[in-house]
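When a ligand or atom number is given, it counts from 1 through the structure's own listing order. Atom set for the values below is all heavy atoms of this structure, side chains included, hydrogens, waters and symmetry mates excluded. Quick caveat: nothing in here was measured; it's all calculated off a predicted structure.
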Amino acid sequence: MTRLSVNINKIATIRNARGGNNPNLVNVALDCERFGAQGITVHPRPDERHIRYQDVLDLTGVVTTEFNIEGNPNERFIELVRQVRPAQVTLVPDAPDAITSNAGWDTIRHADHLRQLVETFKQDGIRVSIFVDADERMVEGAKAVGTDRIELYTEPYAAHYFENREAAIAPFVRAAQKAQELGLGLNAGHDLSLDNLQYFAQYIPGLLEVSIGHALICDALYFGLENTIQMYRRCLNQD
Ligand SMILES: CC(=O)[C@@H](O)[C@H](O)COP(=O)(O)O
Ligand SMILES: NCC(=O)COP(=O)(O)O
């Protein structure tokens with residue numbers, strides 16, 4: 001069964017807009033879990049535009065489902081993750097000024113760096129996931145550096161879903177099959193939504209977790225957070 005990890009970055013965006021503490025991020029994370037989220041994902045970016053490093057510390061020991069911290073592994077990020085020791089860390093190659101994540105790692109070019117990071121986090125007992133494009137060579141490169149899982153960057157799937165969903169999902173099926181062949185755990189995320197999630201979950205083999213934030217929080221403006229989380233859960237459990 002594919003688990004739903006709710007990314008609460010955009011809750012922090014709303015909170016930061018007024019400089020106060022409304023909505024209270026910790027309370028929303030706990031409510032998301034109560035409403036059916038099977039994980040909480042945060043992505044503290046260097047400019048702290050939404051999730052602040054302090055938020056990550058505040059959520060530690062409070063989140064009772066899987067805590068997944070995503071980000072570019074600069075020194076500050078590494079130190080935070082080693083201090084918090086979440087269930088999972090997802091390594092993302094974002095430039096500091098990127099408006100959002102826009103590519104996976106080149107796991108061949110950055111093999112030495114990634115191998116060192118994987119070793120460090122696994123020594124701390126943290127599961128490691130590496131954010132990659134749906135490219136079998138990058139999946140093989142991720143395996144070579146010793147990661148536990150990969151997370152497929154699904155923006156290209158979402159962008160082409162309405163145009164031709166069979167064609168859009170094809171590279172992701174191949175990448176998922178490669179991950180299975182190599183014994184890698186499989187996560188996915190970015191721009192997954194109520195429109196495209198069910199089809200993705202239906203055809204991607206071995207999908208362990210999806211992390212979803214932007215579309216889910218937008219949907220919650222219309223359907224309510226509890227109802228929305230249930231709607232996303234239903235997209236995942238169609239068997
Ligand atoms: C790695 C990934 O796809 C998500 O963490 C996404 O980058 C969300 O980041 P923003 O909420 O800053 O767009
Ligand atoms: N790893 C993907 C994630 O956490 C959320 O991405 P999005 O749903 O906000 O695009």
- Query: Is Arg49 near ligand 1, meaning one of its heavy atoms is under 4.0 Å from it?
  - Reply: no
- For Pro73 against Ile78, the heavy-atom pair lying closest together: O-CD1, 3.5 Å
- With a 4.0 Å cut-off, would you call Arg34 and Glu226 a salt bridge? no
- Would you say Thr100 has any N or O atom under 3.5 Å from an N or O of ligand 1, going by distance alone? yes
- Numbered atoms of ligand 1 (with element) below 4.0 Å of Lys10, judged on heavy atoms: 10 (P), 11 (O), 13 (O)
- Query: Just which atoms of ligand 1 are under 4.0 Å from any heavy atom in His190?
  - Reply: 2 (C), 3 (O), 6 (C), 7 (O)
- Query: Atoms of ligand 2 less than 4.0 Å from Thr41 heavy atoms?
  - Reply: 4 (O)
- Task: Identify, for atom 4 (O) of ligand 2, the protein heavy atom at the shortest distance, and state residue, atom and that distance.
- Result: Asn7 ND2, 2.8 Å
- Task: Pick, from Ala215, Gly39, Gly189, Ser211, the option with the minimum heavy-atom distance to atom 5 (C) of ligand 2.
- Result: Ser211
- Would a distance-only check, ignoring hydrogens and angles, find a side-chain to backbone donor-acceptor pair under 3.5 Å from Asn72 to Asp94? yes
- So which protein heavy atom does atom 7 (O) of ligand 1 come closest to, and at what separation? Ser101 OG, 2.3 Å
- Message: Suppose we measure from atom 8 (C) of ligand 1 to each protein heavy atom; which comes out shortest, and what is that distance?
- Response: Asn9 ND2, 3.5 Å
- Which heavy atom of the protein is the closest neighbour of atom 1 (N) of ligand 2, given with residue, atom name and distance? Glu151 OE2, 2.5 Å
- Task: Would you check if Thr13 and Arg49 make a side-chain contact, meaning some heavy-atom pair closer than 4.5 Å?
- Result: no
- Query: Is the shortest distance from a Lys or Arg side-chain nitrogen in Asp135 or Arg174 to a carboxylate oxygen in the other one below 4.0 Å?
  - Reply: no
- What's the shortest heavy-atom distance between Gly36 and Ile229, and which atoms? C-CG2, 3.8 Å
- Query: Does Asp112 pair with Arg115 as a salt bridge, N-O distance under 4.0 Å?
  - Reply: yes
- Nearest-contact summary for atom 10 (O) of ligand 2 - protein heavy atom, Å: Asp191 N, 2.8 Å
- Task: Around atom 9 (O) of ligand 2, find the nearest protein heavy atom and jot down its residue, atom name and distance.
- Result: His214 N, 2.8 Å
- Message: Does ligand 2 come near enough to Gly213 that some N or O of the ligand is less than 3.5 Å from an N or O of the residue?
- Response: yes
- Message: For Glu70, state whether at least one heavy atom is located under 4.0 Å from any atom of ligand 1.
- Response: yes
- Message: Heavy-atom contact check, 4.0 Å cutoff: does His50 meet ligand 1?
- Response: yes
- Message: Counting only heavy atoms closer than 4.0 Å, does ligand 2 sit against the backbone of Glu155, its side chain, both, or neither?
- Response: neither
- Task: Check whether any side-chain heavy atom of Gln88 sits under 4.5 Å from a side-chain heavy atom of Phe67, and report yes or no.
- Result: no
- Which ligand 1 atoms are under 4.0 Å away from a heavy-atom of Asn7? 5 (O)
- Task: May I ask you to say whether Lys178 pairs ionically with Glu181, meaning some side-chain N is under 4.0 Å from a carboxylate O?
- Result: yes
- Message: Please determine whether any non-hydrogen atom of Glu151 lies less than 4.0 Å from an atom of ligand 1.
- Response: no
- Query: Below 4.5 Å, heavy atoms only, C-beta onward: do Thr90 and Thr41 meet side chain to side chain?
  - Reply: no
- Query: Can Leu192 be said to touch ligand 2, with heavy atoms closer than 4.0 Å?
  - Reply: no
- Salt-bridge test for Asp124 and Arg85: reply yes if a basic N is under 4.0 Å from a carboxylate O, no otherwise. yes
- How far is atom 9 (O) of ligand 1 from its nearest protein heavy atom, and which residue and atom is that? Arg45 NH2, 3.1 Å
- Counting each atom of ligand 1 from 1 as listed, which ones have a heavy atom of Phe131 under 4.0 Å away? 1 (C), 3 (O)
- Sort out for me which residue in Val84, Val118, Val89, Ile69 forms a side-chain contact (heavy atoms from CB on, under 4.5 Å) with Ile126. Val89
- Message: For a 4.5 angstrom cut-off between non-hydrogen side-chain atoms, does Phe223 reach Leu194?
- Response: yes
- Note on the structure: Among non-hydrogen protein atoms, atom 6 (O) of ligand 2 lies closest to His190 CA, 3.7 Å
